[in-house]
Amino acid sequence: MGLRDAAAKALDGFDRKKGNVNGFEGLPSGDYVVMIDNIREQETPWGSEQLSIRAQVLDGEHAGQKEFINLSLDETTSKGNPNPMLGRNIKLIAKLASNSGIELQDEDWEDLGTLSEALAPAEGRTVLMHLTVSENKKNPQFPYRNYDFEEAEEIDEIDVGDDDLPF
């Protein structure tokens, strides 16, 4: 694809006067075989801590594209209310760990530091990621992104012999 094609694609439907140039589209809803690229604890600009997971799509139309998954494990929201996503995020992390071949122990849940250390062996592992994107009526520019993970099917090993080499 040349520059002209890239410009036509990028500018299709874009409001050239008021459009947001920093918008990140992200992956559309679908099932993706991904490699867990990075897991770390991260502090947000507003002072909260979250577990940040970066996954890279391995095949299909979106191969090479990355998905950034940020999970808050704060017990309360910024307004002091109970975090309604806490239980869901904990279950999602446990499921990702299990489907990456990691058995989390009770002591791994001590804090974000111990959790990210326990999850470090998941980096480089392949999982099947189910992504559902839905409308956020309060902030349409930030749609809801819901994830689920399953164990990925084993990829058949490629048998390369001397006769297959080009030289």
Side-chain angles (χ1 to χ4, degrees), residues 20 22-160:
N20 182 356
N22 297 315
F24 175 71
E25 293 294 319
L27 294 168
S29 293
D31 296 336
Y32 301 93
V33 176
V34 299
M35 176 187 67
I36 302 303
D37 195 29
N38 186 281
I39 298 177
R40 64 187 170 95
E41 60 180 304
Q42 175 179 319
E43 187 170 323
T44 65
W46 53 89
S48 179
E49 289 188 347
Q50 61 188 9
L51 187 68
S52 178
I53 302 165
R54 187 174 64 207
Q56 181 175 344
V57 179
L58 295 178
D59 62 3
E61 177 184 348
H62 297 281
Q65 191 167 341
K66 297 191 183 220
E67 181 71 9
F68 301 91
I69 306 162
N70 295 309
L71 303 170
S72 170
L73 296 174
D74 290 336
E75 292 182 39
T76 59
T77 65
S78 60
K79 295 180 181 178
N81 298 322
N83 180 355
M85 300 301 292
L86 180 60
R88 180 189 166 281
N89 289 347
I90 289 171
K91 290 174 185 175
L92 183 63
I93 291 166
K95 193 167 184 183
L96 173 62
S98 181
N99 286 302
S100 299
I102 298 169
E103 179 130 1
L104 291 174
Q105 305 299 314
D106 185 51
E107 58 271 9
D108 296 331
W109 296 97
E110 183 66 32
D111 57 35
L112 271 176
T114 58
L115 184 58
S116 60
E117 282 180 32
L119 292 168
E123 292 180 9
R125 303 252 174 102
T126 302
V127 293
L128 178 60
M129 178 179 76
H130 304 287
L131 170 62
T132 305
V133 181
S134 58
E135 180 184 14
N136 179 343
K137 292 181 181 178
K138 286 185 178 180
N139 293 309
Q141 69 275 24
F142 300 110
Y144 294 117
R145 304 182 73 72
N146 294 296
Y147 303 92
D148 198 3
F149 295 101
E150 287 184 38
E151 193 170 3
E153 289 185 26
E154 292 294 321
I155 299 173
D156 294 332
E157 283 189 34
I158 300 172
D159 187 23
V160 178

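In this text the structure is predicted, and so the values were computed from the model without any measurement.
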Any sub-3.5 Å donor-acceptor pair from R145's side-chain atoms to L27's backbone N or O?
-> yes
Answer yes or no: is there a side-chain heavy-atom contact under 4.5 Å between L73 and I93?
-> yes
Strictly by modelled atom types, are Y147 and E67 linked by a side-chain donor-acceptor pair under 3.5 Å?
-> yes
Check the surroundings of atom CD in E107: do more than 12 heavy atoms from other residues, nucleotides or ligands lie under 6.0 Å from it?
-> yes
To the nearest 0.5 Å, atom OG of S52 lies from atom CZ of R40 at 5.0 Å
Keeping to residues at least two apart or across chains, list the salt bridge (Lys or Arg N to Asp or Glu O under 4.0 Å) pairs with something in residues 49-64.
-> D37-R54
Look up atom CG in N99 and atom OG1 in T126, then write down how far apart they are to the nearest 0.5 Å.
-> 12.0 Å
Which pairs would a plain distance check flag for residues 127-134, meaning a side-chain donor or acceptor within less than 3.5 Å of a matching protein atom at least two apart in sequence or in another chain?
| unit_1 | atom_1 | unit_2 | atom_2 | d |
| --- | --- | --- | --- | --- |
| H130 | ND1 | D31 | OD1 | 2.6 |
| H130 | NE2 | E150 | OE2 | 2.7 |

Short side-chain to backbone donor-acceptor contact, D108 and A118, under 3.5 Å | no
Are the side chain of N136 and the backbone N or O of F142 linked by a donor-acceptor pair below 3.5 Å?
-> yes
Using side-chain contact (heavy atoms from CB on, under 4.5 Å) as the criterion, list what pairs up with T44, not counting sequence neighbours.
-> W46, S48, Q50
Taking the side chain from N81 and the backbone from T77, do they hold a donor-acceptor pair closer than 3.5 Å?
-> no
Among residues two or more places apart or on two chains, list those pairs meeting salt bridge (Lys or Arg N to Asp or Glu O under 4.0 Å) that have a residue in residues 70-92.
-> none
When rounded to the nearest 0.5 Å, the distance separating CD1 of I69 from CZ of F149 is 4.0 Å
Please examine the side chains of L119 and I53, heavy atoms only from C-beta on, and report whether any two atoms are closer than 4.5 Å.
-> no
Partner residues of E123 under the side-chain contact (heavy atoms from CB on, under 4.5 Å) criterion, sequence neighbours left out = N38, I39
The side-chain contact (heavy atoms from CB on, under 4.5 Å) partners of T114 (sequence neighbours excluded) come to E110, D111
Between CG on residue D148 and CG on residue L96, distance to nearest 0.5 Å = 10.0 Å
Between L115 and L104, is any pair of side-chain heavy atoms under 4.5 Å apart?
-> yes
